[in-house]
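Heads up, the thing below is written out as structure tokens.
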Amino acid sequence: MNSIIEVKNFSKTYGDFKAVNDISFEVEEGTIFAFLGPNGAGKSTTINTLCTIFEKTSGTLLIDGKDVTTQKSEVRSAIGVVFQDSTLDTKMTIEENLKMHCVFYHVPKKEVEERIQFVLNLVDLVEERKKFVGALSGGMKRRVEIARGLIHYPKVLFLDEPTTGLDPQTRAHIWEYILKLQKERNITIFLTTHYMEEAEVCNKIAIIDGGKIVAHDTPYALKREFTKDKAFITTKDGTKLEQLLSEYNLNFVKKEGYYKVDAEPIDVLLQVISLQKEDITDIEIKKGTFNDVFLEITGKKIREES
Ligand SMILES: Nc1ncnc2c1ncn2[C@@H]1O[C@H](COP(=O)(O)OP(=O)(O)OP(=O)(O)O)[C@@H](O)[C@H]1O
């Protein structure tokens, strides 16, 4: 597949401080890419440089083959941006905000109406187009921002925490629009989020920490690498279970009233269970979560290595 975003050896320093330290990654066209990291990791610096707002210190950053340093206006035409701080004019209606954006982006006059219809349809705001932005709910404002970010038909949409502060139902709606954009329009979505369950539905995830990319893969592969399924076992004979788990080399932790046991390799766990089936009163297997992945990569594991 074609890489629509290419970042090679990108660094950004503020004085002596390396906020982003020689990172490289690519994003394939038509995919949803999550860029995650703890506070101060270098996410905003990278996004702002990709969006031509900041200047790089070194490296190459291309969007749709255009250089973010030397071809700023071509890059700006290729991207839509929805940042956390709203830049909508609250004293204007939705329609007026969208029209103004069309002027900025030199959308041909005869196409303006069709595009407004298209983007409002996408975010379910056709009926509201004459409403003043100042009178809209937080979720509606976010939808208007997404509509506005799309009105010049960008190839890549940058979404900086698009669902932060929204209620679960509105978050689910925003995700419907994001998935629809990807499926129906082949738009590449580059997003940040601190909701790990949102990161899980993305095609690829990169995790940045301390200015370095510390993981970059599919959610599935990251989960496989960084988490283990756990079995929660309740037994009438703890001593026997502990003996068996040690004998079969399965890690476990004794908790109040149950044991938390590594459920992998599953065949080994099944053997232990079959040897103690008269005593076991309850078993629940829980899959590793993406929260575990993030903690493992940016917390425990990294600290252990550094
Ligand atoms: N203008 C600046 N001058 C000096 N240091 C800066 C400047 N901007 C950012 N930094 C530092 O660079 C590092 C990366 O910042 P950045 O804003 O990219 O992180 P982030 O991952 O977006 O964090 P957050 O999730 O908190 O927004 C941080 O340590 C930050 O303090």
Side-chain angles (χ1 to χ4, degrees), residues 5-27 32-63 67-69 72 75-76 79-87 138 141-142 145-146 149 156-166 171 174-175 178 188-202 204-217 219 222 226 289-303 305-306:
I5 300 176
E6 295 164 80
V7 175
K8 283 189 203 117
N9 306 111
F10 164 53
S11 292
K12 172 79 183 176
T13 52
Y14 296 106
D16 290 338
F17 178 66
K18 270 206 163 172
V20 178
N21 189 357
D22 193 23
I23 65 168
S24 300
F25 63 91
E26 293 186 8
V27 180
I32 305 182
F33 178 83
F35 196 53
L36 312 178
N39 288 337
K43 298 180 298 291
S44 303
T45 303
T46 306
I47 295 181
N48 279 307
T49 311
L50 280 169
C51 294
T52 76
I53 298 163
F54 289 179
E55 293 295 336
K56 70 185 183 197
T57 302
S58 58
T60 310
L61 299 97
L62 306 178
I63 294 189
D67 191 303
V68 304
T69 311
K72 283 193 165 61
V75 169
R76 284 176 191 158
I79 63 173
V81 175
V82 180
F83 281 171
Q84 279 180 64
D85 296 328
S86 171
T87 52
K141 279 189 194 135
R142 204 66 58 89
E145 304 227 28
I146 293 177
V156 181
L157 183 65
F158 286 90
L159 298 170
D160 189 13
E161 300 203 0
T163 60
T164 296
L166 302 178
R171 276 174 58 196
I174 299 271
W175 267 95
I178 293 174
T188 308
I189 314 274
F190 185 114
L191 66 88
T192 67
T193 178
H194 62 255
Y195 298 113
M196 291 303 122
E197 68 275 21
E198 294 187 351
E200 281 197 68
V201 302
C202 297
K204 283 269 177 75
I205 294 172
I207 298 180
I208 185 168
D209 193 19
K212 286 273 189 197
I213 301 272
V214 290
H216 181 196
D217 217 322
L222 290 175
F226 293 103
T289 66
F290 213 79
N291 269 320
D292 301 333
V293 172
F294 192 78
L295 188 69
E296 183 72 12
I297 295 173
T298 63
K300 199 170 90 208
K301 190 162 182 184
I302 288 168
R303 278 188 216 123
E305 283 174 353
S306 59

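Whatever order the structure lists them in is the order used to number ligands and atoms, beginning at 1. Nothing fancy with the numbering, it's 1 onward along the sequence. The structure displayed is predicted, hence computed values, not measured ones.
- In this structure, F25 and I208 have side chains that are not in contact, with every pair of non-hydrogen atoms separated by 4.5 Å or more.
- The CG atom of D209 sits 12.0 Å away from atom CG of N21, with the distance rounded to the nearest 0.5 Å.
- Protein residues lining ligand 1, listed by chain and number: Y14, F17, A19, P38, N39, G40, A41, G42, K43, S44, T45 [non-hydrogen atoms, distance under 4.0 Å].
- Applying the salt bridge (Lys or Arg N to Asp or Glu O under 4.0 Å) test to E26 and every residue at least two apart in sequence or in another chain returns nothing.
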For residues 48-59, dump all side-chain donor-acceptor pairs below 3.5 Å to protein atoms at least two apart in sequence or in another chain.
unit_1	atom_1	unit_2	atom_2	d
N48	ND2	S44	O	2.9
T49	OG1	T45	O	2.6
T52	OG1	R76	NE	2.7
T52	OG1	R76	NH2	3.2
E55	OE2	K72	NZ	2.7
K56	NZ	G59	O	2.8
K56	NZ	T69	OG1	3.4
T57	OG1	T13	N	2.8
T57	OG1	T13	OG1	3.4

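- Taking 4.0 Å as the cut-off between side-chain N and carboxylate O, E161 and K43 do not count as a salt-bridged pair.
- Listed by chain and number, the residues in a side chain to side chain contact (heavy atoms under 4.5 Å, CB included) with T289 are N291, D292 (sequence neighbours excluded).
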